[in-house]
A.B. asks: 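I have a structure I would like to understand better, so I am pasting it below and will then ask my questions one at a time.
Predicted model, so just to flag it, every value in this text is computed and none were measured. As a basis for the values below, the full set of heavy atoms in this structure was taken, side chains included, without hydrogen atoms, waters or symmetry mates.
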Amino acid sequence: MKEVESQNPDLVSSTVYGHTFENRDITLLKLGLVNPDGKEKKAIWMDCGIHAREWIAPAFCQWFVKEILLLYKTNEKLTRLLQNLDFYVTPVINVDGYMFTWTNQSTRLWRKSRSTPPLGCSCYGVDLNRNFNANWGTVGVTSDCCGNTYCGQSPVSEPEAKAVTQFVGDRANQILCFLTIHSSGQLILLPYGHPNVSAPNYDELVSVGKAAAAEMKKVHGMDYTVGTSPQILYANSGSSRDWARLIGIPLSYTFELRDKGEFGHQLPEIQIQPACQEAYVGAMSIINYIHDKTFNNATVPNAAVTGVTAVTGVALTIWSTIMAASLTTGVLA
């Protein structure tokens with residue numbers, strides 16, 4: 001991250017905004033240009049890797065940054081976006097869990113964080129996407145600390161959830177869109193996970209989500225289903241997506257990237273690039289919509305700034321050492 005920052009000082013800065021249970025840094029990249037008119041900027045939030053085993057998610061956050069770096073100097077619309085919006089991108093929230101999945105094949109599908117067990121239990125970790133203060137502990141969770149959806153002993157009990165809550169909460173009036181990237185299932189999920197709660201702008205969320213799915217299908221023909229979690233997946237509570245909408249962020253989505261069950265969280269190497277390409281287009285469709293609504297008074301979704309590129313021989317410095325190793329050795333297969 002420091003190399004990307006040093007090579008792009010006018011666009012990129014990095015911030016450590018929290019620490020994991022095992023005291024690893026939780027770092028974000030901020031992408032943004034100076035507004036030429038001195039106007040107040042708004043922001044977009046994107047995070048990846050809250051569930052450790054979902055390796056395609058951190059790969060996408062890094063791909064997203066790489067695409068911005070490649071395109072912004074020659075794409076006028078993207079330049080305007082960056083003058084009006086700051087992008088906060090966290091490549092990996094659950095750093096402890098993610099590193100644990102690289103231990104050996106037996107740990108590859110670890111989902112939770114790596115916090116120590118509560119009294120009377122022998123199992124490590126909390127499902128960080130059940131630990132936010134959004135109908136916490138009500139549906140789609142377990143109080144069994146050995147379960148994959150264990151929600152913790154209290155809302156925001158985990159340092160990773162606390163870090164996001166504080167950083168985003170302090171900027172709730174600035175952030176227009178909250179995107180959290182997961183896998184798998186090819187879904188675009190909108191608030192809320194509780195079946196008895198509906199977002200006040202539900203119709204807008206559905207419309208914008210379906211426009212993003214339509215753009216994504218144009219890239220490689222993949223279908224993404226749009227809806228609330230109870231409608232198209234399962235009921236849940238305590239998600240970061242729901243919490244973001246509850247504190248007033250207008251657009252909040254979970255992207256569940258490829259695939260639909262054949263490989264699940266162990267997506268083959270050959271699918272990494274196309275999965276990132278279609279996700280980029282979907283994310284930019286949503287970002288373009290909220291930008292144009294805020295700054296241009298637009299009322300319907302607009303075409304995304306796509307600019308999908310292929311990986312070339314040019315070194316992608318944003319790609320982490322670990323992810324680069326996976327691409328060259330086929331570890332993800």
Side-chain angles (χ1 to χ4, degrees), residues 18 20-22 26 47-54 57 90 92-98 100-101 107 109-166 168-169 178-185 187-199 202 205 225 227-247 249 252-257 261 264-265:
T20 66
F21 182 83
E22 294 178 344
I26 305 174
D47 68 69
C48 296
I50 197 169
H51 286 150
R53 63 192 181 188
E54 299 170 5
T90 303
V92 186
I93 287 179
N94 183 8
V95 187
D96 296 346
Y98 180 71
F100 185 64
T101 64
T107 66
L109 294 179
W110 183 262
R111 170 183 169 100
K112 300 186 291 181
S113 68
R114 292 296 297 164
S115 55
T116 52
L119 187 65
C121 181
S122 60
C123 298
Y124 282 72
V126 169
D127 183 345
L128 297 176
N129 204 41
R130 301 292 183 273
N131 192 238
F132 286 79
N133 194 12
N135 301 305
W136 177 86
T138 54
V139 294
V141 300
T142 181
S143 58
D144 177 4
C145 76
C146 292
N148 264 342
T149 57
Y150 174 55
C151 59
Q153 297 187 79
S154 62
V156 202
S157 60
E158 305 309 296
E160 297 88 349
K162 287 179 181 176
V164 174
T165 295
Q166 181 171 346
V168 175
F178 185 100
L179 300 175
T180 180
I181 313 300
H182 293 243
S183 73
S184 57
L187 309 172
I188 299 176
L189 301 172
L190 50 113
Y192 287 103
H194 196 291
N196 298 329
V197 184
S198 181
Y202 170 83
L205 287 162
T225 305
T228 66
S229 193
Q231 289 170 341
I232 60 175
L233 187 58
Y234 47 71
N236 57 57
S237 56
S239 72
S240 63
R241 173 201 63 236
D242 286 1
W243 169 79
R245 186 64 194 88
L246 278 174
I247 66 168
I249 296 174
S252 183
Y253 294 95
T254 301
F255 275 35
E256 298 281 358
L257 304 186
H265 304 304

A.B. asks: Tell me, please, which residues at least two apart from Ser154 pass side chain to side chain contact (heavy atoms under 4.5 Å, CB included).
C.D. replies: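 Result, side chain to side chain contact (heavy atoms under 4.5 Å, CB included) vs Ser154: Ser157.
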A.B. asks: In terms of side-chain heavy atoms, does Ser115 have a donor or acceptor partner in Glu158 at a distance below 3.5 Å?
C.D. replies: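 Judged by distance alone, the side chains do pair up.
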A.B. asks: What distance do Asp47 atom CG and Thr180 atom OG1 have between them, rounded to the nearest 0.5 Å?
C.D. replies: 3.5 Å
A.B. asks: Do Asp127 and Thr149 have side-chain atoms, one donor and one acceptor, less than 3.5 Å apart?
C.D. replies: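 Judged by distance alone, the side chains do not pair up.
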A.B. asks: Is there less than 2.5 Å between the SG of Cys146 and that of Cys123?
C.D. replies: yes
A.B. asks: Give me the atom names and distance for the closest heavy-atom approach of Ser237 to Val139.
C.D. replies: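 For Ser237 versus Val139, the nearest heavy atoms are OG-O, 2.7 Å.
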A.B. asks: With sequence neighbours excluded, tell me which residues meet salt bridge (Lys or Arg N to Asp or Glu O under 4.0 Å) with Asp96.
C.D. replies: Arg24
A.B. asks: Answer yes or no: does atom CD of Gln231 have more than 12 heavy-atom neighbours from other residues, nucleotides or ligands under 6.0 Å?
C.D. replies: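 Yes.
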A.B. asks: Suppose we screen for side chain to side chain contact (heavy atoms under 4.5 Å, CB included). Which residues come up paired with Ser143, at least two apart in sequence or across chains?
C.D. replies: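 By the side chain to side chain contact (heavy atoms under 4.5 Å, CB included) rule, Ser143 matches no residue at all.
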A.B. asks: To check you understand the geometry: which heavy-atom pair defines the closest contact between Ile249 and Phe178, and what is its length?
C.D. replies: CG2-N, 4.0 Å
A.B. asks: Any side-chain heavy atom of Val197 sitting closer than 4.5 Å to one from Asn135?
C.D. replies: yes
A.B. asks: ring-ring contact (aromatic ring centres under 6.0 Å, His included) with Phe100: which residues, sequence neighbours excluded?
C.D. replies: Trp110
A.B. asks: If you define the side chain from C-beta out and look only at heavy atoms, does anything of Pro191 sit under 4.5 Å from Arg241?
C.D. replies: yes
A.B. asks: Quick check against the 3.5 Å criterion: does Asn236 have a side-chain atom that pairs as donor or acceptor with the backbone of His194?
C.D. replies: no
A.B. asks: Measuring from Arg130:CZ to Asp242:CG, what's the distance to the nearest 0.5 Å?
C.D. replies: 9.5 Å
A.B. asks: For a quick test of reading the model, state the closest non-hydrogen atom pair linking Ala235 to Pro195 and the distance between them.
C.D. replies: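 Looking at all heavy atoms of both residues, the shortest contact is CB-CD, 3.8 Å.
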A.B. asks: Step by step, would you call Ile188 with Phe255 a side chain to side chain contact (heavy atoms under 4.5 Å, CB included)?
C.D. replies: CA-CA 5 Å; Ile188 299 176; Phe255 275 35; 4.1 Å; yes
A.B. asks: Which atom pair, heavy atoms only, marks the closest approach of Leu233 to Leu189?
C.D. replies: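 Closest heavy-atom pair between Leu233 and Leu189: CD2-CD1, 4.0 Å.
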A.B. asks: What's the separation between atom OG1 in Thr107 and atom CZ in Arg53, rounded to the nearest 0.5 Å?
C.D. replies: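 Nearest 0.5 Å value for the OG1-CZ distance: 12.5 Å.
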A.B. asks: Which pair of non-hydrogen atoms, one from Ile181 and one from Ala57, has the smallest distance, and what is that distance?
C.D. replies: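 In this case the closest contact between Ile181 and Ala57 is O-CB, 3.4 Å.
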A.B. asks: Rounded to the nearest 0.5 Å, what separation is found between the NE2 atom of His182 and the NE2 atom of His265?
C.D. replies: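 The NE2 atom of His265 is 10.5 Å from NE2 of His182, to the nearest 0.5 Å.
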A.B. asks: How many angstroms lie between OG in Ser240 and CG in Asn131, if you round to the nearest 0.5 Å?
C.D. replies: 11.0 Å
A.B. asks: Find the distance between CD1 (Ile50) and CD1 (Ile93) and round it off to the nearest 0.5 Å.
C.D. replies: 4.5 Å
A.B. asks: Short question: side chain of Lys112, backbone of Cys145 - any donor-acceptor pair under 3.5 Å?
C.D. replies: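 Looks like yes, one N/O pair under 3.5 Å.
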A.B. asks: Where is the tightest heavy-atom contact between Gly147 and Thr142, given as atom of each residue plus distance?
C.D. replies: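 Where Gly147 meets Thr142 most closely, the heavy atoms are CA-CG2, 3.9 Å.
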A.B. asks: Could you walk me through whether Trp136 and Val141 satisfy the side chain to side chain contact (heavy atoms under 4.5 Å, CB included) test, starting with their C-alpha distance in whole Å, then the side-chain angles of each, then the deciding distance to 0.1 Å, before giving a yes or no?
C.D. replies: CA-CA 9 Å; Trp136 177 86; Val141 300; over 6 Å; no
A.B. asks: Is there a donor-acceptor contact under 3.5 Å linking the side chains of Asn94 and Ser113?
C.D. replies: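 No, Ser113 and Asn94 have no side-chain donor paired with an acceptor closer than 3.5 Å.
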A.B. asks: Would you please name every residue forming a side chain to side chain contact (heavy atoms under 4.5 Å, CB included) with Pro159, sequence neighbours left out?
C.D. replies: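 For Pro159 the side chain to side chain contact (heavy atoms under 4.5 Å, CB included) partners, ignoring immediate neighbours, are Phe21.
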A.B. asks: Of all residues at least two apart in sequence or in a different chain, which pass the side chain to side chain contact (heavy atoms under 4.5 Å, CB included) check with Thr165?
C.D. replies: Phe132, Val156, Trp243
A.B. asks: Quick one, Glu256 with Thr254, criterion side chain to side chain contact (heavy atoms under 4.5 Å, CB included). Give me CA distance, side-chain angles, the key distance, then yes/no.
C.D. replies: CA-CA 6 Å; Glu256 298 281 358; Thr254 301; 3.9 Å; yes
A.B. asks: Does a side-chain heavy-atom distance below 4.5 Å link Tyr150 with Asp144?
C.D. replies: no
